[in-house]
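Notes for the one structure printed next.
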There are 4 protein chains.
Amino acid sequence: MPPFSSDPCPFRRRRKDARPAELLEAALALFVEKGFAATRSEEVARAAGVSKGTLYLYFPSKEELLKAVIQHFMGTEIETGIQEAAAADGPVAEVMETLLVNWWTRIYEGPASGVFKLMITEVRNFPDIGEFWVERVVAPGHAIVSGLIRRGIDRGEFEVDDVDSAVHSILMPLILECVHKHSFMACGIGKEIEIDPIAFMHAHLKLVFRGMAARPPAPAPAGGRKAGQAA
Amino acid sequence: MPPFSSDPCPFRRRRKDARPAELLEAALALFVEKGFAATRSEEVARAAGVSKGTLYLYFPSKEELLKAVIQHFMGTEIETGIQEAAAADGPVAEVMETLLVNWWTRIYEGPASGVFKLMITEVRNFPDIGEFWVERVVAPGHAIVSGLIRRGIDRGEFEVDDVDSAVHSILMPLILECVHKHSFMACGIGKEIEIDPIAFMHAHLKLVFRGMAARPPAPAPAGGRKAGQAA
Amino acid sequence: MPPFSSDPCPFRRRRKDARPAELLEAALALFVEKGFAATRSEEVARAAGVSKGTLYLYFPSKEELLKAVIQHFMGTEIETGIQEAAAADGPVAEVMETLLVNWWTRIYEGPASGVFKLMITEVRNFPDIGEFWVERVVAPGHAIVSGLIRRGIDRGEFEVDDVDSAVHSILMPLILECVHKHSFMACGIGKEIEIDPIAFMHAHLKLVFRGMAARPPAPAPAGGRKAGQAA
Amino acid sequence: MPPFSSDPCPFRRRRKDARPAELLEAALALFVEKGFAATRSEEVARAAGVSKGTLYLYFPSKEELLKAVIQHFMGTEIETGIQEAAAADGPVAEVMETLLVNWWTRIYEGPASGVFKLMITEVRNFPDIGEFWVERVVAPGHAIVSGLIRRGIDRGEFEVDDVDSAVHSILMPLILECVHKHSFMACGIGKEIEIDPIAFMHAHLKLVFRGMAARPPAPAPAGGRKAGQAA
DNA sequence: TATGAATGAGGTTTCATTCAT
DNA sequence: TATGAATGAAACCTCATTCAT
């Protein structure tokens with residue numbers, strides 16, 4: 001019992017506290033890069049600057065590490081999205097544009113983008129992490145966007161046949177951009193047809209909003225049928 | 001060399017000829033389901049109804065099997081798409097609608113849909129198969145659609161700011177549907193927000209074509225309503 | 001029962017009769033080159049111009065093939081040596097020189113040289129083939145040479161302390177030359193210190209015979225001690 | 001990196017340091033006994049008292065283990081021979097006798113004797129280890145002996161037609177004795193004609209030295225007896 | 001008699017996990 | 001708390017042998 005041993009080694013203490021997060025980051029990066037099965041647990045440990053054994057002090061198995069990774073990097077961005085969506089006001093298309101651009105730029109640039117790929121590659125091997133993901137990320141995200149679309153319809157700004165389909169039309173390219181970032185783009189393949197993800201996001205939203213936009217009330221062309229769109 | 005036997009064993013010969021395709025099908029299914037690294041080569045063999053050793057009579061290693069799978073299931077659907085696109089005539093939106101619905105339904109329902117997932121999960125481990133994929137599938141597919149869009153612009157049917165972005169807006173949801181089929185949908189997760197892929201395809205194309213449709217020449221800006229939407 | 005079917009196919013019949021010998025030759029060459037364990041039975045078959053299955057029509061297993069190889073290539077040269085040794089007459093050193101040069105040249109150049117290496121590499125894995133070898137090759141060979149040395153001693157031509165050691169001094173370099181031919185020399189290693197095997201055989205025998213030669217009866221140099229050699 | 005532990009685990013450290021040598025010894029014994037291809041890597045591990053996996057902590061593959069074995073057990077005895085040869089003085093036959101007996105007894109009794117057999121059995125499969133062996137063992141050994149013979153010639157003690165051949169006559173039986181120790185002798189075959197290796201070494205050297213010894217200047221060709229032997 | 005497709009035991013190698021220090 | 005040597009189950013792959021043709 002030495003008098004000053006209440007915090008025997010502040011340096012190591014700080015390391016210790018940071019360890020789980022460091023390991024989770026390293027694990028995310030490697031699982032996204034190589035896939036869960038092809039990543040050796042020692043690689044994760046080394047990437048986090050610790051030894052094999054230390055990993056097992058924090059996570060009881062490689063599979064539990066995967067689940068911890070998913071949970072750790074999952075919900076954060078979605079929640080901020082929900083709050084922003086609720087807080088915003090004004091013309092819905094503008095609100096959505098602002099919201100989606102901010103929100104998705106953060107997602108695309110942060111670790112969450114990797115989780116999209118990880119979920120796709122690993123759900124069938126670990127279905128329970130999928131349940132969690134849908135409940136905590138996919139469903140809320142879908143709800144935010146469909147809520148906004150419905151608000152636009154109510155306000156007469158949008159004309160949309162099938163709101164759920166429209167949500168998919170809006171979000172799926174954004175999701176696939178995230179996946180793309182961690183697959184083809186990460187190994188420099190397909191540069192010929194690659195486009196800047198942020199520029200694409202703007203162009204995509206513009207196109208989709210134009211597709212959802214309410215038409216002017218058909219100024220007066222005799223027969224009352226609206227001019228509609230082609231297909 | 002027995003002197004008089006041009007076809008020494010027709011039965012075995014027929015099995016031998018069929019084996020590679022059987023193995024490739026089994027391999028595709030398992031690689032898509034579990035990922036390359038998590039699939040044991042004996043599983044592939046058993047799924048094809050042969051023993052471990054037989055697999056190695058036809059493919060020198062598990063990695064070569066993967067490459068053969070990609071090559072085998074890759075380009076076929078794209079080529080039919082190209083021909084149909086060239087042959088079709090009429091209003092571009094209708095042509096595209098017909099083409100994409102037929103083409104993508106075949107892709108979605110056939111083995112090619114799995115290859116999309118497989119490519120995403122494995123490119124970073126086997127970059128050379130990615131090169132091939134982009135060159136033989138992604139680039140031609142992109143070219144078909146951008147060609148049609150440009151034809152629509154030339155004919156005055158479409159107004160599109162950025163053709164390449166529009167191609168992505170059109171195709172990415174279709175691709176992600178394929179991936180989805182083999183990830184979440186395959187393990188019955190996320191049913192709440194799942195939508196019928198064919199119905200979605202129609203709704204998606206309708207929305208996007210509406211977003212690309214040329215506007216009537218603005219009959220006369222009488223009333224102060226703003227015609228378009230913000231972004 | 002067609003009238004002329006007693007020998008239905010003279011060509012194949014001839015092939016069939018030659019098969020075992022062809023297989024044994026191919027097997028010897030490969031076993032000597034790579035060792036028994038490292039030689040695949042299909043390699044033997046292919047080298048003999050037949051298929052894997054055919055090998056098993058003539059030899060029930062790879063191990064039996066090895067035993068057959070030993071037996072086939074073993075004793076022949078020894079027997080001719082014995083006959084020549086018995087038939088020869090004249091000064092023993094001359095007889096031995098002639099005998100050994102002829103005999104060993106045939107052995108060195110023929111397949112028997114390989115069997116020396118094969119025995120060395122495989123006895124410990126297949127001791128029973130060793131018994132056979134010693135009884136049929138080593139012991140008779142030793143007996144021929146020791147018989148000749150003893151004849152030389154009896155005739156006053158040789159002075160030899162230990163006949164068995166002298167046999168080893170004579171034969172071991174010849175044996176090792178055979179082994180060398182199939183190890184280092186076969187892969188072109190050690191050319192710097194390599195010597196022509198036939199030239200070496202002559203030089204070696206000359207040196208050894210000089211070492212065994214009877215000394216003249218010490219002409220008369222006062223004190224009866226003979227000048228002798230050092231060691 | 002724990003801050004204050006320069007030698008974190010002395011016990012394990014000591015085992016780790018000893019492991020490679022233990023594994024190399026076990027590997028040499030087994031490779032010499034059964035041949036490289038017929039030895040299972042697990043056998044090597046078990047013989048060294050560790051598990052299969054541990055072997056691969058120290059050597060990346062079975063083939064690398066073989067190379068390490070060769071390098072580890074190769075050159076040591078040769079170097080002591082060189083030094084002793086340089087240091088010795090006196091009548092060359094005596095010097096050589098002493099040197100060769102001491103030197104070769106150590107070689108015969110030590111692990112180097114096994115390496116002779118190993119080289120013979122494996123050069124053709126791994127030619128690069130042969131280069132090393134010739135350069136580091138065969139050539140220096142040859143040089144020691146030929147140097148001594150030349151010294152004997154210079155001093156008028158020896159008369160030798162072909163020095164290189166004489167080196168072979170001297171060394172080849174010694175080498176073959178080493179090989180013999182690990183082939184026939186090790187499985188108790190051929191006892192009838194087996195001789196004590198040390199006794200043989202003495203007898204062999206005596207015979208060869210007698211064959212190389214300078215003749216007295218032919219005191220006076222008085223009596224008609226012919227002095228030498230034919231060949 | 002000859003073939004070569006097929007098998008599966010067995011070999012080499014990897015890697016998640018444990019545990020003594 | 002941290003290490004890394006050690007383990008052994010399990011993966012990939014080979015090859016002796018069989019057998020339908």
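Keep in mind that this is a model prediction, so the values were computed, not measured.
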Exercise. For B:Phe36, what residues pass the ring-ring contact (aromatic ring centres under 6.0 Å, His included) criterion, not counting sequence neighbours?
Worked result: B:Phe31, B:Phe126
Exercise. Salt bridge (Lys or Arg N to Asp or Glu O under 4.0 Å) with C:Glu131: which residues, sequence neighbours excluded?
Worked result: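 If we apply the salt bridge (Lys or Arg N to Asp or Glu O under 4.0 Å) test to C:Glu131, skipping adjacent residues, there are no hits.
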Exercise. Taking only residues two or more places apart in sequence or in another chain, which ones pass side-chain contact (heavy atoms from CB on, under 4.5 Å) with C:Glu33?
Worked result: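 Residues passing side-chain contact (heavy atoms from CB on, under 4.5 Å) with C:Glu33: C:Leu30, D:Arg124.
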For this session: Under the side-chain contact (heavy atoms from CB on, under 4.5 Å) rule, collect the residues that match up with B:Pro20, sequence neighbours excluded.
Result: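 side-chain contact (heavy atoms from CB on, under 4.5 Å) list for B:Pro20, sorted by chain: B:Tyr58, B:Phe59.
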Is any side-chain nitrogen or oxygen of [X] closer than 4.0 Å to OP1 or OP2 of [N]?
| X | N | result |
| --- | --- | --- |
| B:Tyr58 | E:dA5 | no |
| A:Arg19 | F:dT1 | no |
| B:Tyr56 | E:dA6 | no |

For this session: Output the residues of residues 30-44 of chain C in contact with DNA chain F, where contact means a heavy atom of the residue under 4.0 Å from an atom of the strand; sort by number or write none.
Result: C:Thr39, C:Arg40, C:Ser41
Taking atom [atom2] of [N] as reference, at what distance in whole Å does atom [atom1] of [X] sit?
| X | N | atom1 | atom2 | result |
| --- | --- | --- | --- | --- |
| B:Glu64 | F:dC12 | CD | C1' | 14 Å |
| D:Leu23 | F:dA6 | CG | C1' | 12 Å |
| C:Phe59 | F:dA16 | CZ | C1' | 16 Å |

Exercise. Of B:Ser61 and A:Thr54, whose closest DNA chain F nucleotide lies nearer the 5' terminus?
Worked result: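 By nearest-heavy-atom nucleotide position, the 5'-most residue is A:Thr54.
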Compile the donor-acceptor pairs under 3.5 Å between side chains in residues 47-54 of chain A and protein atoms, sequence neighbours left out, one pair per line.
unit_1	atom_1	unit_2	atom_2	d
A:Ser51	OG	A:Thr54	OG1	3.4

Exercise. For DNA chain F, what is the dot-bracket line, given that a base pair needs Watson-Crick (N1 to N3, plus N6-O4 or O6-N4) or G-U wobble (N1-O2 and O6-N3) geometry with both distances under 3.5 Å, and | means paired with another strand?
Worked result: .||||||||||||||||||||
Exercise. On a plain distance test, is the side chain of D:Lys52 in donor-acceptor contact with the base of E:dG11 below 3.5 Å?
Worked result: no
For this session: Would you please name every residue forming a side-chain hydrogen bond (donor to acceptor under 3.5 Å, both in side chains) with B:Glu43, sequence neighbours left out?
Result: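 Listed in chain order: B:Lys34.
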Problem set entry | With sequence neighbours excluded, residues passing side-chain hydrogen bond (donor to acceptor under 3.5 Å, both in side chains) with C:Glu42 |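 Once residues adjacent in sequence are excluded, C:Glu42 has no partner under the side-chain hydrogen bond (donor to acceptor under 3.5 Å, both in side chains) criterion.
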